[in-house]
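Model, not experiment: these values are computed from the prediction. Every number for a ligand or one of its atoms is a count from 1 in the order of the listing.
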Amino acid sequence: MENFEVINPTRILFGKNQLFRLPELLRSFEVQKIMIVYGGGSVKQLGILDKLINELKGFDVFEFGGVEANPEYATLMDGVALAQKHEIDFFLAVGGGSVIDGVKFMSGALFYEGEPWDVLDKKEGCMFEKALPFGTVLTLPATGSEANSGAVISRRDLKQKRGMGGPLFFPKFSFCNPELVATLPKRQIANGIIDAYTHTLEQYLTFPSDNVLQERQAESILKTLIDIRGVIENPSDYKLASNLMWCATQALNGNLRCGVISDWATHMIGHELTAMYGIDHAQSLAIIAPRLFEHQFENKQEKLIQYGKRVWNLHGTDQTIAKLAIEKTEEFFQSLGVKTRISEYTSDYEGTDSAIMNVFLERGWVAIGERQAIRPEDVKSIVKSAY
Ligand code: NZQ
Ligand code: ZN
């Protein structure tokens, strides 16, 4: 097993009727001025905002709404200015991955003296050294952002989507109520399943590791997500919804990466599709993952066989099982109503392959994947094969 170090300080309050704990938790951080940050309005329409304001009597509460899906830098900078004006001492992110990621960025940008984009752009010597504490109320199970320290921020004017993170950016606490799945559009539930599934694959579908426990845990998450796919049709089924939510948290809270080598190439390429075409994050993964597995067939073969046997119960020769495992994965995404080709989302896709390859070259991402075997020209052919 590889050496590893792991920490996850986020307190998860999972289940129904937990929000009454909010004032007590906030008092434990000795904060008074809270800014609630939310997205395009679902939180208001669903009455979650009113509920929170009711719980927060006795605190000075400010609101900042309008954070977009794939949170936009300029919007978040408006939020930073407002937080500075009111001398906020705690952020409460109420939403899905976009709002939570947005708050992670805001919490660092608030104290940053230069241009915060430089941190996202990985300019030499530019980093967030301090962050405002924040908590989350999760409304969409997908990203695991409620239980990790990463964030992804977009700049539409530059067609860029960049990551950030570090130990400063773990939420202090996250309320995870699976009842909220009932209010989600089908598309977002399907996205949630695919994102959690792909997070698991990125840390599992590499090469066999000696961490037998982590392998089995990853397979359990994959099998559970397949088993509970009916949540799309029955989002108020609490058993299905709570298992989806817990899988999504577990898929990216840091456990699965312990003692194994991860991939993350599908995410790196997928982010570029979102940056270029606004394709939903999970949709971009459904487009890239099957093609990347085909391209990396030799490198991933051993693990594809294990995955095919243990997760999909496939039989036959090893070669057949490995091939079928990729087909099963793509069919699974399609069975959730998600399309797996770029041309099904945009007609303007000519040249996408070269454009993404050039972005990778500019950033010096010249050897990615678990074996650093994916070079910019491989990225180009993976993208082309996904047309
Ligand atoms: O904006 P509102 O009106 O709230 O609507 C949102 C949004 O339009 C809606 N929604 C959320 N909860 C709802 C709801 N609608 C009805 N009922 C509810 N309970 O759903 C839409 C999508 O929300 P969003 O937050 O964008 O989705 P998701 O959670 O999938 O987050 C995607 C973002 O997270 C990043 C992605 O790149 C993308 O920017 N990721 C973050 C990661 C992390 N921090 O660890 C890892 C991931 O790989 C991913 O990159
Ligand atoms: Zn993801």
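- Minimum-distance N/O/S atom of Asp195 relative to the Zn ion (ligand 2): OD1.
- Residue His271 approaches ligand 1 through these ligand atoms, each under 4.0 Å from one of its heavy atoms: 37 (O), 50 (O).
- If you number the atoms of ligand 1 from 1 as listed, the ones under 4.0 Å from a heavy atom of Leu252 come out as 45 (O), 46 (C).
- Looking at Lys300, its side chain does come within 3.5 Å of a backbone N or O of Leu205 through a donor-acceptor pair.
- In summary, the atoms of ligand 1 found under 4.0 Å from a heavy atom of Ser145, numbered by their order in the structure, are 43 (C), 44 (N).
- Counting heavy atoms from C-beta on, the side chains of Gln250 and Gln217 never come closer than 4.5 Å.
- Among protein heavy atoms, atom 27 (O) of ligand 1 sits closest to Leu140 CD1, 3.4 Å.
- The closest side-chain donor-acceptor pair between Asn8 and Asn253, if any, does not fall under 3.5 angstrom.
- Taking a cut-off of under 4.0 Å to the non-hydrogen atoms of Lys161, the atoms of ligand 1 that pass are 36 (C), 37 (O), 38 (C), 39 (O).
- Gly41 counts as a contact of ligand 1, since one of its heavy atoms falls under 4.0 Å from the ligand.
- The protein non-hydrogen atom at the shortest distance from atom 12 (N) of ligand 1 is Thr139 OG1, 2.7 Å.
- An N or O contact shorter than 3.5 Å links Gly97 to ligand 1 by distance.
- Side-chain atoms of Tyr277 and Asp348 include no donor-acceptor pair closer than 3.5 Å.
- Between His86 and Phe62, the ring-plane angle classifies as parallel under the 30° and 60° cut-offs.
- Considering both main-chain and side-chain atoms, Gly40 comes within under 3.5 Å of ligand 1 through a nitrogen or oxygen pair.
- Taking every heavy atom of Leu180 and a limit of under 4.0 angstrom, the matching atoms of ligand 1 come to 19 (N).
- Distances shorter than 4.0 angstrom do not occur between any heavy atom of Gln45 and any atom of ligand 1.
- Below 30°, between 30° and 60°, or above 60°: for Trp264 and His199 the angle between ring planes is between 30° and 60°, a tilted geometry.
- The parts of Asn70 lying near ligand 1 are both backbone and side chain, judged by heavy-atom distances below 4.0 Å.
- Proximity of His199 to ligand 1, defined as any heavy-atom pair under 4.0 Å, is confined to the side chain (atoms from C-beta onward).
- Take the N/O/S atoms of His199: the one nearest the Zn ion (ligand 2) is NE2.
- Between the side chains of Glu68 and Thr75, at least one donor N or O lies within less than 3.5 Å of an accepting N or O.
- Judged by the shortest distance from any of its heavy atoms, Ser154 lies outside the 4.0 Å radius around the atoms of ligand 1.
- Under 4.0 Å from ligand 1, the heavy atoms of Asp101 that appear belong solely to its side chain.
- Considering backbone and side-chain N/O atoms, Pro185 never comes within less than 3.5 Å of an N/O atom of ligand 1.
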